[in-house]
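Down below is the structure, laid out as structure tokens.
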Amino acid sequence: MRPLVATIDLSAIRYNYALAKACAPQRQTFAVVKANAYGHGAREVVSALPEADGFVVACLEEAGEVRGLHGKARLLLLQGCFEAAEYQSAARLALDVVVQSAEQAEALLGAALGQPLNVWLKLDSGMHRLGFSAAELRAWHARLSSAEQVAELNLLSHFACADLPEHPLNAAQLAVYRSLDDLPFANRSLANSAAILTRPEAHLDWLRPGIMLYGASPFADRSAAELGLKPVMTLSGALIAVREVPAGDSVGYGASWVAERPTRIGTISCGYADGYPRSAPAGTPVLVCGQRVPLVGRVSMDLLTVDLSTLPEARVGSPVELWGAQLPVDEVAAACGTIGYELLSKVTARVPRRHRY
Ligand SMILES: *Cc1c(COP(=O)(O)O)cnc(C)c1O
């Protein structure tokens with residue numbers, strides 16, 4: 001087998017879930033498992049969290065999979081339903097549905113449902129992607145609170161800058177949220193991972209941790225280790241070739257990297273078709289034999305190359321960690337100009353996942 005595998009430590013997910021709960025005792029928690037549990041395997045992650053109060057998915061396809069594994073937990077559909085018929089599926093799956101637009105609200109009122117749905121009205125408190133203004137939400141609250149299609153009426157909003165705790169938009173969004181304090185809702189939910197970790201006033205009834213469950217940091221300037229989180233995914237492989245490249249020769253496509261001195265180059269069976277970003281610049285850290293070496297040359301579809309000059313003992317078969325337990329995914333992401341979320345959720349289906357219990 002090609003030496004590349006994503007090992008997923010499910011006990012670390014359980015640990016991180018417990019840490020999220022400990023940040024906000026007495027609150028209920030939706031474990032966010034959208035996007036195949038940020039690339040970790042929704043099936044295994046959901047099965048590893050039987051104690052979760054609920055789960056969050058982005059779309060109906062994801063909801064079907066999770067409901068099959070967990071018959072009872074509350075299961076929140078973040079983007080809501082896109083056609084009238086989808087409300088019937090949502091009712092059959094006993095989902096909690098977000099209603100984020102007038103079109104969705106009208107379709108809900110037109111649906112004939114076997115059982116009423118728990119509805120989460122989405123407030124656009126300042127992110128301006130989805131949701132109702134405070135005034136619109138007030139009007140929809142009045143129309144939906146007596147609707148036969150609605151069981152619980154709940155309130156949800158989302159922070160744009162929770163990862164920047166000092167950003168003024170956080171307070172502005174909270175103020176918009178508070179302007180609805182007089183409306184009765186069964187439950188309220190605001191906090192993603194960053195707000196769970198820094199903003200107790202936003203904890204409310206239901207937490208929505210995503211990235212922290214997967215052992216990565218939502219903050220650019222605070223590591224997952226500092227936050228007490230355990231790494232979950234380790235993407236590991238091995239050197240599949242080693243060669244000496246003379247000074248002046250280049251490595252990889254476009255000859256973009258040129259050896260300034262004779263250089264020992266190691267080749268690793270991981271590329272952008274596995275989810276390793278092609279944009280990774282020379283110098284991005286890779287762990288070989290437990291030591292950091294710099295990526296050199298362009299990342300190609302199936303392979304990438306590193307400079308082994310500081311590691312004379314490295315040879316074909318030597319172990320490689322692209323990110324994980326010893327090399328934080330956030331550090332690799334920062335070197336590539338992105339965030340851990342993107343690296344984790346983009347690990348492709350070609351990479352076998354090995355789940356550890
Ligand atoms: C993805 C998502 C979350 C989880 O965010 P993290 O930063 O990963 O904790 C919470 N709420 C909504 C609406 C989301 O889309």
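The shown structure was predicted, so the numbers you read here are calculated from the model rather than taken from an experiment. One-based numbering along the sequence shown. Order of appearance sets the numbers: ligands from 1, and atoms from 1 within every ligand.
- Residues forming a salt bridge (Lys or Arg N to Asp or Glu O under 4.0 Å) with Arg129 (at least two apart in sequence, or on another chain): none.
- Using a 4.5 Å heavy-atom threshold, the side chains of Thr305 and Leu295 count as separate.
- In this structure, CG on Leu123 lies 12.0 Å from OG on Ser189, to the nearest 0.5 angstrom.
- Using a 4.0 Å heavy-atom criterion, the residues that approach ligand 1 are Val32, Lys34, Tyr38, Leu78, His158, Asn192, Ser193, Arg208, Pro209, Gly210, Ile211, Tyr341.
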Where do Trp120 and Phe30 land on the ring pair (Phe, Tyr, Trp, His ring centres under 6.0 Å) test, with the steps shown first? CA-CA 13 Å; Trp120 293 76; Phe30 280 122; 5.8 Å; yes
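- Leu69 CG to Glu44 CD: the interatomic distance, rounded to the nearest 0.5 Å, is 8.5 Å.
- No side-chain heavy atom of Leu93 sits under 4.5 Å from any side-chain heavy atom of Leu75.
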